[in-house]
**Q** 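Handing you a structure now.
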Amino acid sequence: MVERFERFSLAIAEISRCWHKLAGEEMQVYGLKGAHALYLTTLYRHPEGVTVPELCELCLKDKSDASRMLAILEKKGLVRKEGGYGGKVVLTEAGRQATRQVRERASRAVEEAGRDLTPAEREAFYKALESITGNLRRLTCEGIPE
């Protein structure tokens, strides 16, 4: 059991470390950090815009993190807030262009990372990953059974 825990923990940590490094390198072109990529790509999927609380929910981040990130993105001219307090955050045209580039590069990275997997293996991997994520989410709410 400990071996599975260690393998799982180390694999997740290594994937996260590598992904953040790649994201950081890509976002450096825009004078941003890798963490900004998640906000940009999420906003890209919602062209009508989202409120800050909705963005927090979608990105699984707290309001303070989102506020800091959005302030930087706004200063860079990549997002704007419409409607004042409680309004929606939307990508600017420059933000959409940057995000298209980021999405393209991320797609290439994901494709390259899974290049040795068959379509069936890829489907099984994502199904297993979703199951593990859901079970871990449940455990964080209910606790580990005795």
Side-chain angles (χ1 to χ4, degrees), residues 1-28 30 32-76 78-92 95-96 98-146:
M1 181 62 81
V2 171
E3 181 182 323
R4 277 183 43 199
F5 169 76
E6 289 172 358
R7 286 180 68 194
F8 177 82
S9 296
L10 291 173
I12 294 296
E14 181 71 3
I15 289 169
S16 179
R17 185 183 70 79
C18 291
W19 190 254
H20 283 92
K21 183 177 187 311
L22 290 169
E25 289 170 0
E26 291 301 317
M27 297 308 292
Q28 193 172 25
Y30 304 100
L32 298 169
K33 304 282 186 197
H36 291 102
L38 177 61
Y39 290 97
L40 290 173
T41 57
T42 300
L43 288 168
Y44 190 87
R45 288 193 336 255
H46 299 276
E48 72 287 355
V50 295
T51 64
V52 173
E54 289 169 336
L55 187 59
C56 292
E57 185 70 26
L58 291 166
C59 294
L60 303 176
K61 301 291 184 179
D62 62 37
K63 190 173 185 284
S64 63
D65 184 71
S67 294
R68 280 190 306 276
M69 295 294 179
L70 290 172
I72 293 167
L73 292 172
E74 191 169 17
K75 186 176 179 181
K76 298 276 186 184
L78 300 174
V79 303
R80 71 174 179 277
K81 187 131 184 220
E82 296 180 341
Y85 184 78
K88 293 188 174 193
V89 179
V90 297
L91 289 174
T92 63
R96 282 190 292 280
T99 305
R100 278 193 288 275
Q101 175 69 20
V102 169
R103 286 169 49 99
E104 181 182 311
R105 299 285 294 161
S107 290
R108 283 190 211 160
V110 169
E111 190 64 34
E112 185 62 23
R115 70 181 173 162
D116 300 329
L117 300 176
T118 66
E121 289 171 330
R122 186 174 292 109
E123 183 61 34
F125 169 77
Y126 282 110
K127 184 176 181 181
L129 192 58
E130 289 168 1
S131 177
I132 290 168
T133 302
N135 289 332
L136 287 172
R137 188 179 299 120
R138 179 182 49 77
L139 288 172
T140 62
C141 293
E142 299 172 5
I144 300 172
E146 294 299 322

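In this text the structure is predicted, and so the values were computed from the model without any measurement.
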**Q** Are Leu78 and Leu43 side-chain neighbours, meaning at least one heavy-atom pair lies under 4.5 Å?
**A**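 Not touching, per the 4.5 Å side-chain cut-off.
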**Q** I'd like to check Val102 versus Tyr44 (side-chain heavy atoms, cut-off strictly below 4.5 Å). Are they in contact?
**A**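 No, side chains not in contact.
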**Q** Heavy atoms only: give me the nearest Lys61-Leu38 pair and the separation to one decimal.
**A**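 That would be CE-CD2, 4.0 Å.
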**Q** Does any part of the side chain of Tyr39, heavy atoms only, come nearer than 4.5 Å to the side chain of Leu58, both counted from C-beta?
**A**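 Leu58 does not reach Tyr39 side chain to side chain.
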**Q** List the steps and the verdict of side-chain contact (heavy atoms from CB on, under 4.5 Å) for His46 and Val90.
**A** CA-CA 8 Å; His46 299 276; Val90 297; over 6 Å; no
**Q** Take Lys75 and Ile72 through the side-chain contact (heavy atoms from CB on, under 4.5 Å) test and state the conclusion after the steps.
**A** CA-CA 5 Å; Lys75 186 176 179 181; Ile72 293 167; 5.6 Å; no
**Q** Do NZ/NE/NH1/NH2 and the carboxylate oxygens of Glu26 and Arg105 come within less than 4.0 Å?
**A**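 Salt bridge between Glu26 and Arg105, a charged N being under 4.0 Å from a carboxylate O: yes.
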**Q** Is it true that atom CZ of Arg138 has more than 12 heavy atoms of other residues, nucleotides or ligands lying nearer than 6.0 Å?
**A**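 Yes - once you tally the heavy atoms of other residues, nucleotides and ligands closer than 6.0 Å, there are more than 12.
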**Q** Less than 4.5 Å apart, side chain to side chain, heavy atoms only: is that true for Val110 and Trp19?
**A**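 Yes, their side chains come closer than 4.5 Å.
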**Q** Just wondering, are more than 12 heavy atoms of other shown residues or ligands nearer than 6.0 Å to CD in Glu142?
**A**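 Counting other residues, nucleotides and ligands, CD of Glu142 exceeds 12 neighbours.
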**Q** May I have the step-by-step check of side-chain hydrogen bond (donor to acceptor under 3.5 Å, both in side chains) for Thr133 and Glu130, ending in yes or no?
**A** CA-CA 5 Å; Thr133 302; Glu130 289 168 1; over 6 Å; no
**Q** Below 4.5 Å, heavy atoms only, C-beta onward: do Val89 and Leu73 meet side chain to side chain?
**A**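 With C-beta onward as the side chain, the pair stays apart.
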**Q** Which pair of non-hydrogen atoms, one from Met27 and one from Ala37, has the smallest distance, and what is that distance?
**A**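 Closest heavy-atom pair between Met27 and Ala37: SD-CB, 3.8 Å.
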**Q** For Lys88 and Val50: C-alpha separation, side-chain torsions, deciding distance, then whether side-chain contact (heavy atoms from CB on, under 4.5 Å) applies.
**A** CA-CA 5 Å; Lys88 293 188 174 193; Val50 295; 5.9 Å; no
**Q** I want to check something: taking the side chain as every heavy atom from C-beta on, are Arg96 and Arg100 in contact at a cut-off of under 4.5 Å?
**A**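 Arg96 reaches Arg100 side chain to side chain.
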**Q** Kindly indicate whether the side chain of Leu139, heavy atoms from C-beta on, has any atom under 4.5 Å from the side chain of Pro145.
**A**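 Yes. Closest side-chain heavy atoms under 4.5 Å.
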**Q** Can we say Glu6 and Arg4 salt-bridge, meaning some charged N sits less than 4.0 Å from an Asp/Glu carboxylate O?
**A**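 Salt bridge absent between Glu6 and Arg4.
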**Q** Let me confirm one number: the OG1-CD distance from Thr92 to Glu74, rounded to the nearest 0.5 Å.
**A**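 One finds 10.0 Å between OG1 of Thr92 and CD of Glu74.
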**Q** Answer with yes or no whether the side chains of His20 and Ser16 bring together a donor and an acceptor at under 3.5 Å.
**A**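 Indeed, the side chains of Ser16 and His20 share at least one donor-acceptor pair under 3.5 Å.
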**Q** Any donor and acceptor pair, going by atom type alone, linking the side chain of Asn135 with main-chain N or O of Ser131 inside 3.5 Å?
**A**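 A pair under 3.5 Å: yes.
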**Q** State whether the number of non-hydrogen atoms from other residues, nucleotides or ligands found under 6.0 Å of Glu57 atom CD is greater than 12.
**A**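 Check fails, neighbour count at 12 or below.
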**Q** Rounded to the nearest 0.5 Å, what's the gap from CZ on Arg68 to NZ on Lys63? Could you check?
**A**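 That separation rounds to 11.5 Å.
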**Q** Rounded to the nearest 0.5 Å, what separation is found between the CD atom of Glu14 and the OG atom of Ser9?
**A**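 If I round to the nearest 0.5 Å, the distance is 13.0 Å.
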**Q** Rounded to the nearest 0.5 Å, what's the gap from CD1 on Ile132 to NZ on Lys127? Could you check?
**A**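 Answer rounded to 0.5 Å: 12.5 Å.
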**Q** Around Glu123, counting heavy atoms of other residues, nucleotides and ligands shown, do more than 12 lie under 6.0 Å from its CD?
**A**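 Counting other residues, nucleotides and ligands, CD of Glu123 stays at 12 neighbours or fewer.
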**Q** Would you find more than 12 non-hydrogen atoms of other residues, nucleotides or ligands less than 6.0 Å from Lys81 atom NZ?
**A**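 Atom NZ in Lys81 is crowded, with more than 12 foreign heavy atoms closer than 6.0 Å.
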**Q** Heavy-atom count check: over 12 atoms from other residues, nucleotides or ligands less than 6.0 Å from Gln28 CD?
**A**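 Count not over threshold, so no.
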**Q** Does a side-chain N-to-carboxylate-O contact under 4.0 Å join Glu112 and Arg108?
**A**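 Salt bridge absent between Glu112 and Arg108.
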**Q** Would you name the heavy atoms of Leu117 and Arg122 that are closest together and state the gap between them?
**A**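 Smallest heavy-atom distance, with atoms named: O-NH2, 3.4 Å.
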**Q** According to side-chain hydrogen bond (donor to acceptor under 3.5 Å, both in side chains), who are the partners of Arg137, at least two apart in sequence or on a separate chain?
**A**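 If we apply the side-chain hydrogen bond (donor to acceptor under 3.5 Å, both in side chains) test to Arg137, skipping adjacent residues, there are no hits.
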**Q** To the nearest 0.5 Å, how far apart are CG in Asp65 and SG in Cys59?
**A**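 One gets 9.0 Å once the value is rounded to the nearest 0.5 Å.
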**Q** What I'd like to find out is whether the side chain of Leu40 reaches to under 4.5 Å of the side chain of Leu91, using heavy atoms alone.
**A**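 Sidechains of Leu91 and Leu40: in contact.
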